[in-house]
2 protein chains.
Amino acid sequence: MPPTLDDVARAAGVSRSTASRVLAGYGPASPTTRDRVHAAATRLGYAPNPAARALVTGAGFRLVVAVTGMDPHVLDDPYVDRVVRAAAEVGAAQGVGVSLQWLPADAPGPALARLAADRGVHGVLVLNTTESVLAAVPDGLAGRVASIGIGSPTVPAFDIDNGGATTTMIHHLYASGRRRIAMVSGPQWMPCTRRPVDAYRTAVRELALPVRMVPGDFTYAGGEAAMSTVLEQWPDTDALFATSDAMALGALAVLRVRGVDVPGDIAVAGFDDIPFASYSVPALTTATHPVERIAAAAVTAILTGTRAPAATSYPSHLLLRESA
Amino acid sequence: MPPTLDDVARAAGVSRSTASRVLAGYGPASPTTRDRVHAAATRLGYAPNPAARALVTGAGFRLVVAVTGMDPHVLDDPYVDRVVRAAAEVGAAQGVGVSLQWLPADAPGPALARLAADRGVHGVLVLNTTESVLAAVPDGLAGRVASIGIGSPTVPAFDIDNGGATTTMIHHLYASGRRRIAMVSGPQWMPCTRRPVDAYRTAVRELALPVRMVPGDFTYAGGEAAMSTVLEQWPDTDALFATSDAMALGALAVLRVRGVDVPGDIAVAGFDDIPFASYSVPALTTATHPVERIAAAAVTAILTGTRAPAATSYPSHLLLRESA
DNA sequence: CTGAAAGCGCTAACAA
DNA sequence: TTGTTAGCGCTTTCAG
């Protein structure tokens, strides 16, 4: 049987409450007592029972990653994998585990209510969220929710600066001589699509370039379709910025089949820096997407319970390779 | 305040223990009582407090994914991401979270002991494990550990049949006319490397083909190096089986640079079916690696506490594309 | 600065 | 078939 706090207290010759205080680093305690308790604890290999602690403090011990989407397939995404992985790694240090679930975009209320009622839930990290989902976050969850993406007055946001990344990318393409730059955006219902679109519009207006925008869906197939559309609609396009590497790789495939030289005829840039972006032919120019760091920060904010700033933005960095 | 079991019992006009029994679906209870309790529970929106339950049952509420390796970087692997993701999804249903940590291959003892002592740990899923790690699993963890990879008398194994996959792949290559088939294995210290190697040796012996084996490390760069070695050592090689898609893609890159036609001159096959295997040029022939299903089964075994069979093997399926 | 006492919400003997 | 009882291990007032 693992030692309990009582064992430690007895070994140190103090009461259980004193031992508790010392080990929590909380209230007053004489140096002597402090030392004795710590010594006893380490000697016995004492580890607090998280269940007992959770019971009395009312805190949960599980962090839920809730992914907004139309259907449960939104969970099948390497991006989600990375977030969960990072969360599971950060949580390990504090003894909190991570669980993953889908949050129906059209009716998030019940699921959120369930999370709020579940005493086992320490906090919630929402992904791909929308305004309506954020509006449906119950008061019971206040202060223990964070979002990777957009935020709200009650939900702090941790997000990549994809608007800035877009601006940087367009300027890079312009600087390398491109003058007819098309962009493939994400799905229009996703809030994370807005800033890149705005940034693109602003940039091309300022540079006096034509607006060439095609909506995409972040997938390889979507990238193929978008590239075909662009080629058909604006045959003289000399650069394409796709807001995901998967779409950029799809675009690359279409251009290869059609015998279009990249980057000679058309430059192609992606976004995310997925593992194989550097192994495509030509190697894909893209921008980083420090998912793990963002997720770690969001999880830490939830776990520490510190009042996080309304929005924390993470810079993206250009990765210049061969395709643009 | 969320309702407690006492509230439910009072609302149903029964004692707390009766309510507990009914809700647990455990002991005896008259149909009337049963209905009344259930009705009260749903009316009140009762959700049991997992901490209280864990405290009294002594069960943990956290499943630890422990990845064996030389250094903490072993966690930076999409494969680990997938396992953790699958575990987090399965655990969500039972209210258990997942946390992730590295298990030093050379000194797994202390970490394992800590896991065994931590009352918050429900069970442990070990990855990439070795015999010595399995031998170091403390008794305290008995019955709540599972392995994806090799197993031991106390640790049930859930694994892909990579030996069978190898045999199938070699026979496929043979059937398509290849007679000088090289293989790039995984790192030799990893137990999961053994069966494919044995299967390869057996297959080529039976087919009266030469043995051409190069050790790899599962990485893209390792695949490049291995391909170069093969070309140098056995220039007339007409097929390469790499035991990871990443290595196969590296091999493909080398062949492209050297102007070797794939699959015309050399057939290349991988293993894993990573997301972009189908988008390489030529599209990669490979074999599936149903990680999520395996992980889900292992987690379920730990969670249900059922005595799992010593080893469960999952079949791999050939995915014929262009490269072989 | 320290100890006594109460109780978090639940399960599981045991008694009725 | 049901209720009573006794904790699980910890934190936290409240007295000393």
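Letters A, B, ... are given to chains in the order of the sequence lines, protein chains preceding strands, and every chain is numbered from 1. Note that this is a predicted model, so its numbers are computed, not measured.
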Asker: Do the side chains of A/Val80 and A/Val74 get nearer than 4.5 Å, heavy atoms only?
Answerer: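 No; the side chains remain at least 4.5 Å from each other.
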Asker: Are A/Thr154 and A/Val145 close enough that some pair of their side-chain heavy atoms sits under 4.5 Å apart?
Answerer: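 Not in contact.
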Asker: Just how far, in rounded Å, is C1' of C/dG9 from CG of B/Leu23?
Answerer: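 Distance check: B/Leu23 CG to C/dG9 C1' gives 13 Å.
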Asker: Not counting sequence neighbours, which residues clear side-chain contact (heavy atoms from CB on, under 4.5 Å) with B/Ala92? List them please.
Answerer: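 Partners of B/Ala92 under the side-chain contact (heavy atoms from CB on, under 4.5 Å) test: A/Ser99.
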Asker: My understanding is that only residues two or more places apart in sequence, or in another chain, count here; which of them pass side-chain contact (heavy atoms from CB on, under 4.5 Å) with A/Val96?
Answerer: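 Partners of A/Val96 by the side-chain contact (heavy atoms from CB on, under 4.5 Å) criterion, ordered by chain and then number, come out as A/Leu63, A/Gln94, A/Leu303.
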Asker: A side-chain contact here means heavy atoms from C-beta on lying under 4.5 Å apart; do B/His122 and B/Val64 qualify?
Answerer: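 Of all side-chain heavy-atom pairs linking B/Val64 with B/His122, none is under 4.5 Å.
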Asker: What bend angle does the helix from C/dC1-D/dG16 to C/dA16-D/dT1 show across its length, from five-pair end axes and to the nearest 10 degrees?
Answerer: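 For the helix from C/dC1-D/dG16 to C/dA16-D/dT1, the axes at opposite ends meet at about 40°.
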Asker: Below 4.5 Å, heavy atoms only, C-beta onward: do B/Leu134 and B/Glu131 meet side chain to side chain?
Answerer: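 SC-SC contact between B/Leu134 and B/Glu131 ruled out.
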Asker: Which pairs with one or both residues in residues 56-76 of chain A pass ring pair (Phe, Tyr, Trp, His ring centres under 6.0 Å), sequence neighbours excluded?
Answerer: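 Sorted pair list: A/Phe61-B/Phe61.
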Asker: Measure from CG on B/Leu55 to C1' on C/dC8 and round the result to the nearest Å.
Answerer: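 B/Leu55 atom CG is separated from C/dC8 atom C1' by 9 Å.
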Asker: Taking only Lys NZ, Arg NE, NH1 and NH2, and the carboxylate oxygens of Asp or Glu, determine whether B/Arg195 and B/Asp161 approach each other closer than 4.0 Å.
Answerer: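 Between B/Asp161 and B/Arg195 there is no salt bridge, as every charged N stays at least 4.0 Å from the carboxylate O atoms.
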Asker: Which residues, if any, of residues 30-38 of chain B bring a heavy atom under 4.0 Å of DNA chain D?
Answerer: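 Contacting residues: B/Ser30, B/Thr33.
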Asker: Please tabulate, one pair per line, each protein N/O and nucleotide N/O from nucleotides 10-12 of chain D that are separated by under 3.5 Å, including the distance.
Answerer:
from   : atom 1 : to      : atom 2 : distance (Å)
D/dC10 : OP1    : A/Tyr46 : OH     : 2.5
D/dC10 : OP1    : A/Asn49 : N      : 3.3
D/dC10 : OP2    : A/Leu5  : N      : 2.3
D/dC10 : N4     : A/Arg16 : NH1    : 3.0
D/dC10 : N4     : A/Arg16 : NH2    : 3.4
D/dT11 : OP1    : A/Arg53 : NE     : 3.0
D/dT11 : OP1    : A/Arg53 : NH2    : 3.2
D/dT11 : OP2    : A/Ser20 : OG     : 2.9

Asker: Can we say B/Arg82 and A/Asp81 salt-bridge, meaning some charged N sits less than 4.0 Å from an Asp/Glu carboxylate O?
Answerer: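 Salt bridge: no.
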Asker: Nearest heavy-atom pair of B/Arg144 and B/Val121: which atoms, and what distance?
Answerer: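 Shortest heavy-atom contact: NH1-O, 2.8 Å.
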